[in-house]
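Please read the structure below before turning to the comments.
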2 protein chains.
Amino acid sequence: MVSIKDVARVAGVSDKTVSRVVNREPNVTPDTIERVQLAIADLGYIPNLAARSIRSSRTNIIGIITDFISTTPYSGDIVRGVQDWAVAHGRTVLLANTGGDAEREGDVWRTFKAHRIDGVLYVAMYHRVVMPTAGEVKIPAVLVNSHPEDGLAYPSIEPDDYGGSYDLTRHLIALGHRRIGYIRLNPLLLGANQRLEAFLAAAKAGGLSDSDLIIRLGMEGPIGHETNYVYREALDVLSLPDRPTALVCGNDEMALQAYLAALSLGLRIPDDVTIVGFDDFRTVSLGLKPELTTVALPYYDLGWQGADMLDKLVQGKGSESERRVLNCAVVPRGSSADRSSILEHSNLG
Amino acid sequence: MVSIKDVARVAGVSDKTVSRVVNREPNVTPDTIERVQLAIADLGYIPNLAARSIRSSRTNIIGIITDFISTTPYSGDIVRGVQDWAVAHGRTVLLANTGGDAEREGDVWRTFKAHRIDGVLYVAMYHRVVMPTAGEVKIPAVLVNSHPEDGLAYPSIEPDDYGGSYDLTRHLIALGHRRIGYIRLNPLLLGANQRLEAFLAAAKAGGLSDSDLIIRLGMEGPIGHETNYVYREALDVLSLPDRPTALVCGNDEMALQAYLAALSLGLRIPDDVTIVGFDDFRTVSLGLKPELTTVALPYYDLGWQGADMLDKLVQGKGSESERRVLNCAVVPRGSSADRSSILEHSNLG
DNA sequence: ATTCGCAATGTCGACGTCGACATTTAGATT
DNA sequence: AATCTAAATGTCGACGTCGACATTGCGAAT
């Protein structure tokens, strides 16, 4: 492997001068720069970052620790956000996945420490409360899409499920809906309660009473092994004599089931019933016809801004207690079109 | 940062002896081992891998280069397969994403080289022909879920789209279907042609003639910006006077649209029409009711075995021209239940 | 008791880079 | 011409680890 000394020999200068050129330090003759760069190109020299990091004790590597990579597909956007930030700031990303196993997580922290990475983004694939098990290992870390368990001093960045759900409910009320069904997420998910509470609050603020709301549990049981009642509950709610004109689903996958239930009952969306979701999981939200009104989770920005927070922390400019919350925007689509535009959609099916 | 010398001082031995204990070299007294390990635990010493790699010129890091992380969500399983392999073999994973940009890809290769990683897994998120733009940089690499452009000497591992599609078609024929619709993937995808050709071959082998097959184009245009005809085509095919009893979709997302179309027409699945997909994209395949018969892509194994191929290559035991192809298994579910079990499903909706 | 053999442990230097400091060079100033 | 100044370049060593080699110690064999 060609080193700085090989370049120095070819260019006829000292290794230090090559180092100066590589690091763009001042006080090098243009002529020398040229000669060195020629030698670099000739030999295909690429600096050894490991050697550099030994001296500088900074690696410019940040690590991502995820729990379950593939359960909620679009949360991969968090990783993409981190990567784009890293590229923009000259960092590299180490990736590790715990599969939810605490022992393996301990190993991951230790491995990351062994690589002397600058910091860790601890990324939860669904919004929840977490307790990193870093053991004795101390690395600056930011929790992404999650919230530290009480007493843990980690900065965090998470989506505003409450706000998104509140706005979504207001959207429905503004469209004139006065009787609304709600199918709840697994209560174990942090978002579940926030979304439900915001729904109730917005309904109340909009003048609806409890008897106007039909609330069902769509899923329960341990994450990854839950029992799914969504299809059955959707069928049931939509078969009520005074069925709601709108059905809010805990997430987009539930909305998919609600669509299937509605269609099997011969109901048309949005003519007979409006259905909305949460997450903007695009395979579903754009795959459904009409397309699904939902709330977009800012996954990409969680990643990007999380990386930014981490960077500040590494440089000592951050705070251990910063809690950043990102807005979740309602994305209105065909499934909640109001009466004036219903005609366009009703001839689709 | 605590180094091997600190440990040596505390344990009252030389740094080399500590090194021996850390690396489990023979010829150290149990007593000494104990003392050293105590000191290690006391100080929280963790070896510096960068320093180690400077001496050994092996980093035990492998890099993953992906194109589009989030377009096809479950392909994240490839990454998971690689990670699990890495954990099992004491390697760490560097991750980079090109977004399909050749210039950025060049940077990625250079950065990886700067980290002196042992090898690269070049992962395509949808099965296709690729041409890595590594420039001058030489790192052992394996192409995953993709195929090298003519003349490029990279080993590769990819799914057997042809075989999967062939088996799927035979499955339908075995169930008695004699008139079958087919909605094609975007022809730009490598899998598109393989799947269609296998479908045609299996149909022919099963005694069906061209007039028994109704083939439509579901999507076209540049990847990521395609025009989608699936819903319209599905409606059309299912409205034909002699409509097919089975509809094969290029992938599961298309099958979703076909479901919606069938249901809007008042058709029942699988009673009136059988629908099948491809990919086993579980959010869709398990989210649909009845669940979708489809073909599972071996994403996880592509990752794991790809990493294994790379490892052999790094150790000089691999071949530049190895082409591994992994089986794609049919996953029979409710959407293609045969007549004897139709009753169970027909009372679902 | 002396020698031998091997286990146990230590010393030293190199890996590639760059900071601290030293030296050389060329032009400016007197 | 002698001196000064600052730019340009070089020397050296340290970062943390481990391979090559050297040394020490101790029981076995003679």
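Letters go in sequence order (proteins before strands), and every chain restarts at 1. The structure displayed is predicted, hence computed values, not measured ones.
By the 30° and 60° cut-offs, the orientation of the rings of B:Trp304 relative to B:His89 is perpendicular.
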For nucleotides 13-15 of chain D, tabulate all protein N/O to nucleotide N/O atom pairs closer than 3.5 Å, reporting atom names and distance.
unit_1	atom_1	unit_2	atom_2	d
D:dA14	N3	A:Arg55	NH1	3.0

Could you list the protein-to-nucleotides 4-6 of chain D atom pairs, N/O on both sides, closer than 3.5 Å?
none

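Side-chain nitrogen and oxygen atoms of A:Arg52 include none within less than 4.0 Å of the OP1 or OP2 phosphate oxygen of C:dG16.
Using a 4.0 Å cutoff on non-hydrogen atoms, the parts of residues 17-35 of chain B near DNA chain D are B:Ser19, B:Asn23, B:Glu25, ordered by number.
Listed here is the closest heavy atom pair of B:Leu310 and B:Pro140: CD1-O, 3.6 Å. Heavy atoms only, all atoms of each residue included: B:Pro159 and B:Asn145 are closest at CD-OD1, 3.3 Å. The shortest non-hydrogen separation linking A:Val93 to A:Ala86 is CG2-CB, 3.7 Å. A pairwise comparison of heavy atoms in A:Thr133 and A:Ala102 identifies OG1-O, 3.7 Å as the closest pair. When all heavy atoms of A:Leu95 and B:Val79 are compared, the pair lying nearest together is CD2-CG1, 3.7 Å. The two residues B:Tyr154 and B:Arg323 have their closest heavy-atom pair at O-NH1, 2.8 Å.
Whole-Å rounding puts the B:Asp6 CG to D:dT17 C1' distance at 13 Å. The interatomic distance linking A:Lys16 (NZ) with D:dT9 (C1') rounds to 11 Å, in whole Å. Here D:dG19 presents its P atom at 11 Å from CD1 of B:Ile4, a figure rounded to the nearest Å.
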Show which side-chain atoms of residues 41-48 of chain A pair as donor or acceptor with protein atoms under 3.5 Å away, not counting sequence neighbours.
unit_1	atom_1	unit_2	atom_2	d
A:Asn48	OD1	A:Ala50	N	2.8
A:Asn48	OD1	A:Ala51	N	3.2

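Summarising the local packing, CD of A:Glu34 is surrounded by 12 or fewer heavy atoms from other residues, nucleotides or ligands at distances under 6.0 Å.
Inspection of the A:Thr66 and A:Asn97 side chains reveals an N or O donor paired with an N or O acceptor under 3.5 Å. One side chain, B:Asp118 or B:Thr59, offers a donor N or O that lies under 3.5 Å from an acceptor on the other.
To the nearest 0.5 Å, atom CZ of residue A:Arg116 and atom CG of residue B:Leu49 are 7.5 Å apart.
Looking at the side chain of B:Ser3, the nearest of the listed nucleotides C:dG10, C:dT17, D:dT17 is D:dT17.
For A:Arg52, there are no salt bridge (charged side-chain N to carboxylate O under 4.0 Å, His left out) partners, not counting sequence neighbours.
A rotation axis mapping the C1' atoms of four pairs onto the next four is fitted at both ends of the helix from C:dA1-D:dT30 to C:dT30-D:dA1 over five pairs, and the angle between these axes is 60° to 10 degrees.
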